[in-house]
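Numbers here simply count residues along the sequence, with the first being 1. Ligands are counted one by one from 1 in listed order, and the atoms in each one are counted from 1 as well.
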Amino acid sequence: MKVTHAEFIISAATEKQYPTDRLPEIALAGRSNVGKSSFINTLISRRNLARTSSKPGKTQTLNYYRINEQFYFVDVPGYGYAKVSKKEREKWALMMETYFQKRKHLKAVLLVIDLRHEPTKDDVQMYDYLIYYDWPVIVVATKLDKVPKGKRASFIKRAKDTLDLKDTDHIVPFSAYTGEGKRESWQLLKAFISR
Ligand code: GTP
Ligand code: MG
């Protein structure tokens, strides 16, 4: 997809702030610091529209980016960051529920994982949670550039096995640094957006 327009729309903390124009949405879920914002930036070829940082736990709200007036990327706050208080964790869970329980315009969820490591308990829980709500999931296995070529296939298999992916689920090896997986991601997204 050729991206001609990409703009940050809102940092939504409550349901009332979600956009009301009914454009399709693609959400990004994943551990804190895994590379969700970098994925968005790579897909739209912008260095820093979606804010990235080396400090985990930065994104605390649902960040909406409107692409080509056609759909939204929804950058969901990351999970699994140890230094988050119990109260903040509860707030996060509530925000997830509000969003994932009834967001009708959601077309697919990109579950971003770090290919270097076996998916964590939190990753497995997030995957199961999305499946429970019946959302189509596309697993993006990022930081591919950090995995030696000879290990890529076995690491992908490990991710599939640990998450217990269904045969119909997609998993895309990806790197925000080299752009590998960008084209395949767009192909999948286009198909989901037009559903
Ligand atoms: P939160 O918003 O805190 O949940 O983080 P995030 O998931 O949005 O991660 P972000 O995109 O900010 O990236 C976190 C760190 O990982 C940054 O230092 C990025 O430069 C780095 N990073 C992201 N993608 C890749 C990648 O494909 N390869 C490598 N080597 N590093 C990456
Ligand atoms: Mg982020």
Based purely on interatomic distance, does [X] place a nitrogen or oxygen under 3.5 Å from a nitrogen or oxygen of ligand 1?
| X | answer |
| --- | --- |
| G35 | yes |
| D75 | no |
| P77 | no |
| L144 | no |

List ligand 1 atoms under 4.0 Å from [X], heavy atoms only on the residue side.
| X | result |
| --- | --- |
| S38 | 10 (P), 11 (O), 13 (O), 19 (C), 23 (C), 24 (N) |
| K146 | 30 (N) |
| G78 | 4 (O) |
| S175 | 27 (O) |

Legend entry - Single hit among V76, V140, I40, V34 for side-chain contact (heavy atoms from CB on, under 4.5 Å) with L28: I40
Legend entry - Result of checking V137, L165, L115, I138 against I171 for side-chain contact (heavy atoms from CB on, under 4.5 Å): L165
Inset, instruction - Can you see which heavy atom on K182 is nearest to which on S45, and at what distance? - result: NZ-OG, 2.9 Å
Legend entry - Ring centroid separation F8 to Y65 under 6.0 Å: yes
Legend entry - Region of D145 engaging ligand 1 - heavy atom pairs below 4.0 Å: side chain
Inset, instruction - Indicate, as side chain, backbone, both or neither, the part of T142 found under 4.0 angstrom from ligand 1 when only non-hydrogen atoms are considered. - result: side chain
Legend entry - Aromatic plane relationship, Y64 with Y18 - under 30° parallel, 30 to 60° tilted, over 60° perpendicular: tilted
Inset, instruction - Take the angle between the ring planes of F71 and W186 and call it parallel below 30°, perpendicular above 60°, tilted in between. - result: perpendicular
Legend entry - Test item: side-chain donor near acceptor, D164 and Y127, under 3.5 Å: no
Legend entry - Side-chain heavy-atom pair I44, F73 within 4.5 angstrom cut-off: yes
Inset, instruction - Kindly identify the option in R116, K36, K143 whose heavy atom sits closest to atom 22 (N) of ligand 1. - result: K143
Inset, instruction - State whether S37 contributes an N/O/S atom found under 2.8 Å from the Mg ion (ligand 2). - result: yes
